[in-house]
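What follows is one structure encoded as structure tokens, with my remarks underneath.
Numbered from 1 within each chain, the chains take letters A, B, ... in sequence-line order. It should be emphasised that the depicted structure is a prediction, and the values quoted were computed from it without experimental measurement. The basis for the numbers below is simple: all heavy atoms, side chains too, and nothing from hydrogens, waters or symmetry mates.
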Amino acid sequence: MAVALLMIAGGTAAGVFGSLLGLGGGVLIVPLLTLVFGLELREAVGVSLVSVIMTSSVAAGVYLERHTADLRLGMRLELFTAIGALIGGSIAFLLAERLLALLFAGLLIYVAVSMLRARTPAAPAGPPGEPETYEVRNMRLGVVGATGAGVLSALLGVGGGIVKVPLMHLGMGVPLRVATATSNLMVGITAAASAVIYVIHGGVDPYVAGPTVIGVFLGASIGSRISHRVDVRVLRFLFVAVLLYTAFEMLMKVVA
Amino acid sequence: MTSFDRSIGRLLIAVTYVAGALLFIGVLLMLVEGISPLSGGPRLDLSTIVADVTSLQPAGFLWLGLITVIATPITRVIAAAVGFAQVGERQMVLVAVAIVGVIALSIVTAIVTG
């Protein structure tokens, strides 16, 4: 009983966090299941993928209803993310994992610094239902970046949101709130393809996934409904913190 | 097109509520039967899901809920393709079809390569 409740609580925290930042929450769920509950990494990743889909679906549903997510941009980019994931899955065993982790850590630090230096609006965006006005630029960069996000996602087992949000926000002129909402829409597709493979190979335990995903469902419902009240500066600070934490974890893998 | 986005959003929310309800029942049955989440659950067996659900076995509800969760984004893309086709956005229909095709190819590749 206590274990199930702890899993629900952990899933709730990951759901709030993931839906606010467009990450899916996998960066919290995998450490939670491996370090706290002693699951093997492969099992934890399988459960994490299903959780990411739940976060994505709940949050994207709310964001689409409120016109915060950009459905067309998200679908165009997720096509290339899916292609990237297919390429990444095919070359995963040809490249040295430590080299990839080092490169990825460098990329994360660069993105974190860029996000900190970017100009920030002082106040949160308008009320829900009023779409933000912006013009998407550098679609070619978006295509290349989305494909790269898919490759990295498949190679490193990380949520592609950590690349997609800065790509859309810094590279394509999409407001941060729209970028996180659109990323939430996109991460579900990438995770779904991988999750099916994990289920086929017995990598998802229903007794662990059940309580965790229920928690994620609750957390994502809360997170996506409070996101318009959260100051963009807080959102950016949280995102940079996650980027730096993930970079640190990557570097630790390289050292180990 | 905002009403179209809203419809897709509502579809996503509705499907996640169904998935959440199935998982909730599954976890409740797990707790009632005293099953620990760390005791190791059964692998997916599509042939036993209906029997498990009708006999109120937790694994049946949990697997049905998890399959619903995994199918949600793909359902969203297919629904978007239908919606775009209805309003004549051929480019977005092609994008949606291509996404489903790439996902199908990924899965087939993974199964074939083991």
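Interface remark: B/Arg10 contributes backbone and side-chain atoms alike to the contact with chain A (heavy atom separation under 4.5 Å). Only the side chain of B/Val27 comes within contact range of chain A, with at least one heavy atom under 4.5 Å from a heavy atom of that chain. For a residue to count as touching a neighbouring chain, one of its non-hydrogen atoms must lie under 4.5 Å from one of that chain's; by this rule B/Ala14 does not touch chain A. Of the atoms belonging to B/Leu44, it is side-chain heavy atoms, and not backbone ones, that fall under 4.5 Å from chain A. In this structure, the portion of A/Met7 lying under 4.5 Å from any heavy atom of chain B is its side chain and not its backbone. Of the two parts of B/Leu31, only the side chain, counted from C-beta on, holds a non-hydrogen atom closer than 4.5 Å to a non-hydrogen atom of chain A. Using a 4.5 Å cut-off between heavy atoms, B/Ser36 contacts chain A through its backbone alone, with no side-chain atom that close.
Expressed to the nearest 0.5 Å, how far CG of A/Leu79 lies from CD1 of B/Ile103 amounts to 9.5 Å. Atom CD1 of B/Ile99 and atom OG1 of A/Thr190 lie 9.5 Å apart (nearest 0.5 Å). Distance CD/A/Glu65 to CD1/B/Ile13: 4.0 Å, rounded to 0.5 Å. Here the CG atom belonging to A/Leu185 is positioned 7.5 Å from the CG atom belonging to B/Leu12, to the nearest 0.5 angstrom. Here the CG atom belonging to A/Asp205 is positioned 7.5 Å from the OG atom belonging to B/Ser39, to the nearest 0.5 angstrom.
Ranked by heavy-atom pairs under 4.5 Å with chain A, the list B/Gly101, B/Gly20, B/Ala98 is led by B/Ala98. Counting heavy-atom pairs under 4.5 Å between each of A/Thr81, A/Leu39, A/Ile8, A/Ile200 and chain B puts A/Ile200 at the top. Most heavy-atom pairs under 4.5 Å with chain A: of the set B/Val100, B/Ile35, B/Val15, B/Leu22, this distinction falls to B/Ile35. Of the residues considered (B/Pro42, B/Gly26, B/Ala59, B/Ala19), B/Pro42 shows the highest number of contacts with chain A, using heavy-atom pairs under 4.5 Å.
For the pair B/Pro73/A/Ser57, a side-chain contact is recorded, criterion being any heavy-atom separation below 4.5 Å from C-beta on. You'll find the side chain of A/Met54 stays beyond 4.5 Å of the side chain of B/Thr72, heavy atoms only.
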B/Arg6/A/Arg66 under side chain to side chain contact (heavy atoms under 4.5 Å, CB included): CA gap, chis, key distance, verdict: CA-CA 7 Å; B/Arg6 185 168 286 179; A/Arg66 293 180 170 177; over 6 Å; no

Stepwise ring-ring contact (aromatic ring centres under 6.0 Å, His included) check, B/Tyr17 with A/Phe217: CA-CA 9 Å; B/Tyr17 271 97; A/Phe217 172 69; 5.4 Å; yes

Residue pair B/Trp63, A/Val204: steps toward the side chain to side chain contact (heavy atoms under 4.5 Å, CB included) verdict: CA-CA 10 Å; B/Trp63 273 123; A/Val204 177; 4.2 Å; yes

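Under a cut-off of 6.0 angstrom, the local environment of CD in A/Glu135 is sparse, with at most 12 non-hydrogen atoms contributed by other residues, nucleotides or ligands. Counting non-hydrogen atoms of other residues, nucleotides and ligands closer than 6.0 Å to CZ of B/Phe24 gives a total of 12 or fewer.
When only modelled atom types and interatomic distance are considered, A/Arg72 and B/Gln91 share no side-chain donor-acceptor pair under 3.5 Å.
B/Asp5 places no side-chain N or O within 3.5 Å of a backbone atom of A/Leu64 that could act as its donor or acceptor partner. For the pair B/Arg76 (side chain) and A/Gly188 (backbone), a donor-acceptor distance under 3.5 Å is absent.
Across B/Leu62 and A/Gly210, no two heavy atoms sit closer than the pair CD2-CA, 3.8 Å. In this structure, B/Val69 and A/Ile53 approach most closely via the heavy-atom pair O-CG2, 3.1 Å.
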